[in-house]
Enquirer: 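One structure is given below, represented as C-alpha cells, and several questions about it will come after.
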Amino acid sequence: MSDIGGGSSSIRLLREVEEEGGSGERPKEPWKGEYVKSIVYGGLDAIITCFSLISSISASTSSSVTVLVLGFANLVADAISMGLGDYVSARTEQDVIIKERRVTEWDVINHIDTEQSQLLTHFQALGMDYNDATLKVVNIFKKYKDIMVDQRMVADKGMLPADEEVTPWKNGLVTFTSFMLFGINSIALLHHPHTLHKQ
C-alpha cells in the first residue's frame, strides 16, 4: 500500500508545481537497469562481510596466507548463499504475483460491479473527480478487463504485473558475480595493510 500512498503524494506535488507555473529544468533520470538491485545487494553485503571477516581472522592469526585462504573460502560460500537466496526470492515473488493475478482475474470476471466500485474509490482517494473517475476511467476499464486486473493489483495489493522477461536465475547469477567481484577487491584492499603491518 506504500506505493499507493506515494502516488497520492506525487499528485499533490504535481498540483503544487502546476500552480507555481512549472518546475524549471527536467530532473536527471536515475541510474537504472534490469539487475541494479542484485548488483547493489550483492556488492554491499560483500564489502561488509569481508571487512568483518578479515578483521576477525587477522586478529587471530599472523599468517597472511591463512587470512587469504580463509577469506576466499568464506567469500565463495557466502556468494553462493547470496546468489541462491536472490534466485529463490525473485522466483517466489514472481510466483506470488502470478497467483495473485489469477485471484484478481476471477474477482473481476465474477464480481465486476464490486471491483468497479473499489477501483472508483481508489481513484477518488487519489484526488480524481467522481464523474471523471466513473465516466472516463472505470467504465472504460470495464471494456478492457486485462487492464482493469492490472489496476486492481496495484490498487488492492500494491503489486505491479509480473515481468515475464525477468529470469530469477539471472538475478541469482548477477548477485553471485557482484558479491565475488566486490568481495575480492575488498579482501585485496583490506589484506594489503595487514601484510605491510606483519612485515
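Given the structure is predicted, the values throughout are model-derived calculations rather than measurements. Residue numbers count from 1 along this sequence.
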Enquirer: Whether the side chain of Ser81 engages the backbone of Ala77 through a donor-acceptor N/O pair (distance < 3.5 Å, no angle test) should be reported.
Expert: no

Enquirer: Mind checking the CG-OG1 spacing from Leu126 to Thr121? Nearest 0.5 Å is all I need.
Expert: 11.0 Å

Enquirer: Could you name each residue pair satisfying side-chain hydrogen bond (donor to acceptor under 3.5 Å, both in side chains) that touches residues 40-51, not counting sequence neighbours?
Expert: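 side-chain hydrogen bond (donor to acceptor under 3.5 Å, both in side chains) check on residues 40-51 returns Asp45-Thr49.
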
Enquirer: With distance as the sole test, does Asp132 use its side chain to make a donor-acceptor pair with the main-chain N or O of Met128 at under 3.5 Å?
Expert: no

Enquirer: Strictly distance-based, threshold 3.5 Å: is any side-chain N or O of Asn74 a donor or acceptor partner for the main-chain N or O of Leu70?
Expert: yes

Enquirer: Compare all side-chain heavy atoms of Tyr35 with those of Asn171 and state whether any distance is below 4.5 angstrom.
Expert: yes

Enquirer: Report the residue from Leu173, Val174, Thr175 that forms a side chain to side chain contact (heavy atoms under 4.5 Å, CB included) with Thr177.
Expert: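 Exactly one option meets the side chain to side chain contact (heavy atoms under 4.5 Å, CB included) with Thr177, and it is Leu173.
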
Enquirer: Can you name the closest pair of heavy atoms from Asn185 and Leu181 and give their distance?
Expert: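 Taking Asn185 first and Leu181 second, the nearest heavy atoms are ND2-O, 2.7 Å.
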
Enquirer: Give a yes or no on whether the backbone of Ile39 and the side-chain of Ser178 come within a donor-acceptor separation of less than 3.5 Å.
Expert: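 A pair under 3.5 Å: yes.
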
Enquirer: Would Ile109 and Val149 show up in the same hydrophobic cluster when neighbours are defined by side-chain heavy atoms closer than 4.5 Å?
Expert: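 They do not share one cluster, since no chain of ILVMFWY contacts under 4.5 Å joins Ile109 to Val149.
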
Enquirer: Set out, in order, the CA-CA distance, both residues' side-chain angles and the distance that settles side chain to side chain contact (heavy atoms under 4.5 Å, CB included) for Arg91 and Tyr87, then state yes or no.
Expert: CA-CA 6 Å; Arg91 181 63 182 270; Tyr87 162 76; 3.3 Å; yes

Enquirer: Do Phe51 and Leu75 belong to the same hydrophobic cluster, where Ile, Leu, Val, Met, Phe, Trp and Tyr are linked whenever their side-chain heavy atoms lie under 4.5 Å apart, directly or via other members?
Expert: yes

Enquirer: Grab the two heavy atoms, one from Ala46 and one from Phe179, that are nearest each other, plus how far apart they are.
Expert: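 So the two residues come closest at CB-O, 3.3 Å.
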
Enquirer: Measuring from Leu189:CG to Ile47:CD1, what's the distance to the nearest 0.5 Å?
Expert: 9.5 Å

Enquirer: Indicate yes or no: at least one non-hydrogen side-chain atom of Met148 is less than 4.5 angstrom from one of Gln116.
Expert: yes

Enquirer: How far apart are the closest heavy atoms of Cys50 and Ser186, and which atoms are they?
Expert: CB-CB, 3.8 Å

Enquirer: Quick check on salt bridge (Lys or Arg N to Asp or Glu O under 4.0 Å): which of Asp95, Asp107, Asp150 does Arg101 satisfy it with?
Expert: Asp150

Enquirer: Ile54, Val76: one ILVMFWY side-chain cluster at the under-4.5 Å cut-off?
Expert: yes

Enquirer: With clusters defined by side-chain heavy atoms of hydrophobic residues (ILVMFWY) lying less than 4.5 Å apart, directly or transitively, does Val88 cluster with Trp169?
Expert: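 Shared cluster, yes.
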
Enquirer: Between Phe72 and Met180, is any pair of side-chain heavy atoms under 4.5 Å apart?
Expert: yes

Enquirer: Checking Thr104 side chain against Glu100 main chain: does a donor-acceptor pair fall under 3.5 Å?
Expert: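 Such a contact is found between Thr104 side chain and Glu100 backbone.
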
Enquirer: According to a hydrophobic-cluster definition based on side-chain heavy atoms being under 4.5 Å apart (Ile, Leu, Val, Met, Phe, Trp, Tyr only), do Phe176 and Ile48 belong together?
Expert: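 Shared cluster, no.
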
Enquirer: Which heavy atom of Ala133 sits nearest to which heavy atom of Leu120, and what is that distance?
Expert: CB-CD1, 3.4 Å

Enquirer: Leu119 and Gln151: which non-hydrogen atoms are nearest, and at how many Å?
Expert: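 Distance-wise, the nearest heavy atoms are CD1-CB, 3.9 Å.
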
Enquirer: Just how far is it from atom CD1 of Ile147 to atom NZ of Lys145, taken to the nearest 0.5 Å?
Expert: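 The distance works out to 12.0 Å.
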
Enquirer: Kindly compute the distance separating CE (Met82) from OG (Ser38), expressed to the nearest 0.5 Å.
Expert: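 Here the rounded value is 9.5 Å.
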
